[in-house]
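Down below is the structure, laid out as structure tokens.
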Amino acid sequence: MSKIKIALTAMAFVLGAMVEVRAQIQEERTAVLDSLDAFRPVMVDSTLIGKSIFNILPSKYNGHRIDVNIHQSKLIADAFRRHIESAEKRVVSGYRVRIYFDNKQDSRLDSETALLNFRKLYPEIPAYRSYQNPFFKVTVGDYRTKSEALFLLNRIKHSFPSAFVVKDEIQFPL
């Protein structure tokens, strides 16, 4: 496996994407031609966000047929608990999709309407309304990469044709 192929595969693993890497080496010129096909990453199970996996493992006490026991240091469990608790306060640079942006006289009401319409259509996606003088804005989603935000944009553009991707501070992903 070439060094380039290894590096691309490692990068894809870090980004959580499924990737197919093809390399072709021309021996007489020692040129390397690579192509990278990236596929949509597997979505995170949103029901697990902010929860400790250790609390939802199967156990006979909870009516399951098997018991799964984890034996770990209390220091590790405490560190994990602190990580979960502190995540609510942390923000990172990421991307969202802006579905409303205007400064007309009735923009306050229009932005509230846009937010309610979005939450009705897509209740599983977080939505935010803000005011930054003189603009009312409604942005949706919390994505680490622009390509993830573009997937959402493609999904909602029929309902919100003027939507576009913006760089924004997002909630720290767990």
Side-chain angles (χ1 to χ4, degrees), residues 1 5-23 35-100 112-130 137-160 163 165-174:
M1 192 183 278
K5 190 173 181 180
I6 292 169
L8 289 172
T9 306
M11 182 175 66
F13 178 76
V14 168
L15 294 175
M18 295 182 348
V19 174
E20 177 185 325
V21 179
R22 285 178 262 154
S35 65
L36 178 70
D37 296 330
F39 302 98
R40 184 176 184 185
V42 177
M43 298 304 290
V44 174
D45 184 354
S46 61
T47 61
L48 297 176
I49 293 176
K51 294 182 183 175
S52 171
I53 187 82
F54 304 112
N55 296 334
I56 60 173
L57 291 172
S59 70
K60 289 182 180 176
Y61 177 77
N62 291 332
H64 295 98
R65 293 185 313 142
I66 61 170
D67 261 336
V68 176
N69 295 310
I70 305 291
H71 300 283
Q72 67 179 359
S73 163
K74 181 165 173 22
L75 294 172
I76 292 173
D78 289 343
F80 184 74
R81 181 187 46 76
R82 284 192 307 272
H83 170 75
I84 296 293
E85 290 170 355
S86 69
E88 294 174 4
K89 302 173 202 126
R90 288 183 272 170
V91 293
V92 295
S93 181
Y95 296 90
R96 290 187 173 144
V97 176
R98 181 156 302 143
I99 62 170
Y100 183 84
E112 289 173 356
T113 304
L115 181 67
L116 290 173
N117 288 341
F118 182 84
R119 286 186 174 159
K120 238 188 288 184
L121 292 170
Y122 307 98
E124 73 282 4
I125 300 171
Y128 309 94
R129 184 174 160 265
S130 62
K137 304 173 187 179
V138 178
T139 54
V140 298
D142 286 315
Y143 298 103
R144 294 290 304 264
T145 65
K146 190 172 185 178
S147 59
E148 289 174 318
L150 287 169
F151 278 112
L152 175 63
L153 178 63
N154 286 332
R155 181 177 164 196
I156 68 170
K157 69 180 172 187
H158 65 281
S159 303
F160 301 92
V165 173
V166 294
K167 193 165 182 67
D168 205 350
E169 296 293 312
I170 63 169
Q171 287 298 120
F172 184 78
L174 300 172

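Quantities reported herein were computed from a predicted structural model and do not represent experimental measurements. Throughout, residue positions are numbered sequentially from 1 according to the sequence presented. The basis for the numbers below is simple: all heavy atoms, side chains too, and nothing from hydrogens, waters or symmetry mates.
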What do the steps show when you test L152 against Y143 for side-chain contact (heavy atoms from CB on, under 4.5 Å), and what is the final call? CA-CA 9 Å; L152 175 63; Y143 298 103; 3.6 Å; yes
Run the side chain to side chain donor-acceptor pair (under 3.5 Å) test on Y100 and N117 for me, step by step, so that the C-alpha distance in whole Å, both residues' side-chain angles and the decisive distance to 0.1 Å come before the verdict. CA-CA 11 Å; Y100 183 84; N117 288 341; over 6 Å; no
Evaluate T139 against V97 for side-chain contact (heavy atoms from CB on, under 4.5 Å), listing each step before the verdict. CA-CA 5 Å; T139 54; V97 176; over 6 Å; no
Pair R129, E112 - check side-chain contact (heavy atoms from CB on, under 4.5 Å), show working. CA-CA 8 Å; R129 184 174 160 265; E112 289 173 356; 3.5 Å; yes
Criterion side-chain contact (heavy atoms from CB on, under 4.5 Å) on I156 and F151, from CA distance to verdict: CA-CA 9 Å; I156 68 170; F151 278 112; over 6 Å; no
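In this structure, the separation between NZ on K120 and OG on S159 is 12.0 Å, given to the nearest 0.5 Å. Atom CD of E148 and atom CG of L150 lie 10.0 Å apart (nearest 0.5 Å). Between the OH atom in Y95 and the NZ atom in K167 there is a gap of 3.5 Å [rounded to 0.5 Å]. How far CG of L75 is from CZ of F80: 15.5 Å, rounded to the nearest 0.5 Å. Distance check: S93 OG to D168 CG gives 8.5 Å after rounding to the nearest 0.5 Å. In this structure, the separation between OH on Y122 and CZ on F160 is 6.5 Å, given to the nearest 0.5 Å.
By the 4.5 Å heavy-atom criterion applied to side chains, R144 and V92 are counted as neighbours. By the 4.5 Å heavy-atom criterion applied to side chains, K146 and V165 are counted as neighbours.
In this structure, K60 does not pair ionically with D67, as no charged nitrogen and carboxylate oxygen lie closer than 4.0 Å. Salt-bridge annotation for E124 and R155: present, with a side-chain N of the basic residue lying under 4.0 Å from a carboxylate O of the acidic one. Here R82 does not pair with D78 in a salt bridge; the nearest charged N to carboxylate O distance is not below 4.0 Å.
With hydrogens and angles ignored, the 3.5 Å screen pairs a side-chain donor or acceptor of R96 with a backbone N or O of G141. Here the side chain of R119 pairs a donor or acceptor atom with the backbone of A127 at under 3.5 angstrom.
Of all the heavy atoms in P126 and D142, the pair that sits closest is CG-OD2, 3.7 Å.
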